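Down below is the structure, laid out as structure tokens.
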Amino acid sequence: MLKDLFGKKKKYASIPGENAKKDVPEGLMQKCGGCKKIFYQKELIKNLNVCPECGHHHQISAYDRIHILFDEGSFEEWDKDLLSQNPLQFPQYEEKLEKDRIKTGLNEAVVTGEGKIHESRTAIAIMDSRFRMGSMGSVVGEKIARAIERAREEKMPIIIFTASGGARMQEGILSLMQMAKTSIAIQRLHRENGLFISVMTNPTTGGVSASFASIGDYHFAEPGALIGFAGRRIIEQTIREKLPKDFQTAEFQLKHGQVDKVIPRGEMRDTLGTILDIHGFGGETVESSAGV
Amino acid sequence: MNQVLEFEKPVIELREKIEELKAMTKDSDIDLSDEISKMEERLAKLENDIYGKLKPWDRVQIARHANRPTTLQYIEQLFTNFIEFHGDRLFGDDAAMVAGIAKYKGKPVTIIGHQRGENTKENLKRNFGMAHPEGYRKALRHMKQAEKFNRPIITFIDTKGAYPGKAAEERGQSEAIARNLMEMAGIKVPIICVVIGEGGSGGALGIGVGDRIHMLENSTYSVISPEGAAALLWKDSGQAEKAAKSLRITAPDLKELDVIDEVIPEPLGGAHRDMVTQALSISKVLDKSLRELEEENETSLLEKRWEKYKQIGEVQSSIEKVEV
Ligand SMILES: [Zn+2]
């Protein structure tokens with residue numbers, strides 16, 4: 001069934017972010033996860049969900065991120081129609097999926113597509129941790145692999161924003177194998193000198209951290225993001241030692257050589273635009289290929 | 001002394017009883033041969049009942065058996081002229097991962113595998129087969145070398161998982177595993193992976209991307225340990241038995257899910273009961289895989305490797321299918 005779907009292209013136009021903004025009622029308050037100060041939610045949203053006081057980066061939806069990153073109206077979504085099944089007949093999985101679909105308005109934990117950043121055309125995959133903690137099952141793996149393949153075929157760069165607790169338990173071994181699938185797709189891209197920028201946001205752990213997220217040409221991270229392989233609690237239990245507070249943060253990974261640069265959300269669009277330009281993707285108007 | 005697993009106790013008890021009766025007849029004039037042969041019949045039936053219908057949790061127990069043969073033991077049985085090499089050239093040598101070269105049926109091969117200890121003392125040295133980044137990087141170094149000298153790679157997977165430790169994180173456990181997944185996709189020689197014990201998540205996959213993936217009948221391969229899953233799902237790691245079933249982690253499960261190529265049969269009761277026979281049945285499959293893969297050129301090898309993983313997973317489109 002997968003083979004039938006692979007290669008088929010369905011395009012969607014959408015203007016992400018705007019609706020979410022309008023929906024926020026006046027006077028709604030939100031406590032900062034960093035300094036614990038109370039802010040008007042509108043004020044936080046205006047500041048890209050980053051605390052104006054302490055710089056704490058709050059969670060942001062995939063569509064809001066698209067809105068922040070791309071030239072207006074340039075984003076086109078891919079494979080929005082792909083839905084998860086319950087291949088193992090895992091108890092309560094379908095109910096959980098349905099709940100998250102309603103809660104987030106998303107079909108799955110990743111949004112893929114293409115758009116333009118400062119006129120540079122790029123493929124993109126953005127994970128959304130509100131959907132099953134951003135975990136990677138068959139659909140997430142498939143959408144990401146397809147986006148990478150399409151970037152390779154159309155000689156586009158690809159940027160992937162990760163936000164994931166790792167492989168999705170409810171799809172068992174099939175989830176684990178998505179690590180291989182996505183990593184092989186990245187290998188195929190690198191083989192043809194394709195550009196892959198990995199941007200790790202909070203959290204990037206487990207099977208996502210240990211696959212495509214860690215094999216980019218550039219590794220960026222949002223300030224304070226949790227990035228690591230194993231969970232803190234498991235490590236503490238294993239080594240019988242309390243871990244330092246900054247363990248597995250973006251800054252920790254920078255210090256340990258795993259991340260090229262920590263980039264605040266407000267600077268992300270410009271930095272990515274510059275990198276795309278330096279790699280020769282800037283400014284030119286590339287015709288969107290209609291398909292193979 | 002062989003560790004006795006809970007589910008096989010009736011078999012072991014009956015077997016012991018038969019041994020006792022046999023010993024008695026030796027020392028006396030009483031003829032118990034009728035009883036003994038009856039009991040032996042019963043034993044055969046019981047063995048069939050128990051070992052023939054192993055539940056997922058039984059297989060987990062066998063996969064974790066203290067006497068289950070390890071990578072180095074299989075290497076000794078299967079290959080000649082094995083030489084082990086050490087170190088990742090970056091940080092150190094990880095004893096939880098072994099790598100080396102040998103001959104298989106007269107032809108050179110590179111062998112890589114997780115290595116558990118055969119006793120407590122060795123397990124401490126080997127970190128119970130749970131590798132650090134340097135283990136994965138050592139493995140990769142040898143895969144690259146195999147590619148350079150054009151010899152096939154055989155990996156043995158046998159780990160609870162990559163080590164969840166502080167130093168492992170500091171040295172980039174994620175990157176080490178991720179790099180292996182990516183690089184294994186592009187290695188231009190055949191890669192055959194055999195899960196011989198526990199295939200624990202990313203730590204197993206870190207040497208597990210290849211052209212053929214086989215599993216011993218009682219080995220397991222899972223995204224999370226049954227205990228871990230039970231703790232997450234029901235806040236009770238005691239429900240691991242239930243989780244083992246739901247997660248579908250046995251070799252027959254993975255075969256059914258189209259993730260692996262072959263289930264390699266084990267001797268009755270598990271590989272530890274007869275390692276020599278076990279090695280022979282591994283060899284049969286290995287030989288077949290190597291012969292098949294010899295036929296491929298570099299391009300078709302890599303293309304088929306990608307196709308193999310590309311098709312794994314289950315997705316459904318919400319819109320009507322359009323035939324391409
Ligand atoms: Zn704050």
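Please read these numbers as outputs of a predicted model, since none were measured by experiment. Below, chains carry the letters A, B, ... as their sequence lines are ordered, and counting in each starts from 1.
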With a 4.5 angstrom heavy-atom cut-off, which part of Pro91(A) approaches chain B: side chain, backbone, both or neither?
-> side chain
Of all the heavy-atom pairs spanning Ala167(A) and Val223(B), show the shortest one and how long it is.
-> CB-CG2, 3.4 Å
Check whether Leu254(B) gets within reach of chain A through its side chain, its backbone, both or neither, counting any heavy atom under 4.5 Å.
-> side chain
Assert top hit (heavy-atom pairs under 4.5 Å, partner chain B, pool Thr205(A), Leu174(A), Ile184(A)) equals Ile184(A)
Donor-acceptor side-chain pairing of Glu169(B) and Gln248(A) below 3.5 angstrom = yes
So how far is it from Ile215(A) CD1 to Ser174(B) OG, rounded to the nearest 0.5 Å?
-> 11.5 Å
Gap between atom OG of Ser246(B) and atom OH of Tyr93(A) - 0.5 Å precision = 14.0 Å
Against chain B, label Glu241(A) side chain, backbone, both or neither, depending on which of its atoms sit under 4.5 Å from a heavy atom there.
-> side chain
Name the option with the most non-hydrogen atom pairs under 4.5 Å to chain A; the candidates are Ala162(B), Ala204(B), Gly186(B), Gly202(B).
-> Gly186(B)
Minimal non-hydrogen separation, Ile235(A) against Gly165(B), with atom names | CG2-C, 3.8 Å
Would you check if the side chain of Lys166(B) reaches a backbone N or O of Leu243(A) as a donor-acceptor pair within less than 3.5 Å?
-> no
Report yes or no: do Ser318(B) and Asp81(A) form a side-chain donor-acceptor pair below 3.5 Å?
-> no
What option among Asn180(B), Ile224(B), Val209(B), Leu205(B) has the most heavy-atom pairs under 4.5 Å with chain A?
-> Leu205(B)
Answer with side chain, backbone, both or neither: which region of Ala185(A) has an atom nearer than 4.5 Å to a non-hydrogen atom of chain B?
-> both
Heavy-atom contact with chain A under 4.5 Å, split by part of Ile249(B) = neither
Arg188(A)/Glu303(B) salt bridge by N-O under 4.0 Å criterion = yes
Main-chain N/O of Gly313(B) paired with Ser138(A) side-chain donor or acceptor, under 3.5 Å = no
Does any heavy atom of chain B fall under 4.5 Å from the side chain of Phe212(A), the backbone, both, or neither of them?
-> neither
Met179(A) and Leu181(B): side-chain contact (heavy atoms from CB on, under 4.5 Å), yes or no, with the steps?
-> CA-CA 8 Å; Met179(A) 292 170 65; Leu181(B) 305 187; 3.9 Å; yes
Return yes when atom NZ of Lys245(B) has more than 12 non-hydrogen atoms of other residues, nucleotides or ligands closer than 6.0 Å, and no otherwise.
-> no
Which portion of His219(A) sits near chain B, non-hydrogen atoms under 4.5 angstrom = neither
One should read off an interatomic distance between Gln258(A) CD and Arg171(B) CZ, to the nearest 0.5 angstrom, of 11.5 Å
Which atom pair, heavy atoms only, marks the closest approach of Met169(A) to Leu247(B)?
-> O-CD2, 3.6 Å
Correct closest heavy-atom pair for Ser209(A) and Ala178(B) would be O-CB, 4.4 Å
Could you tell me whether a side-chain N or O of Gln178(A) sits under 3.5 Å from a main-chain N or O of Ile312(B), the two making a donor and an acceptor?
-> yes
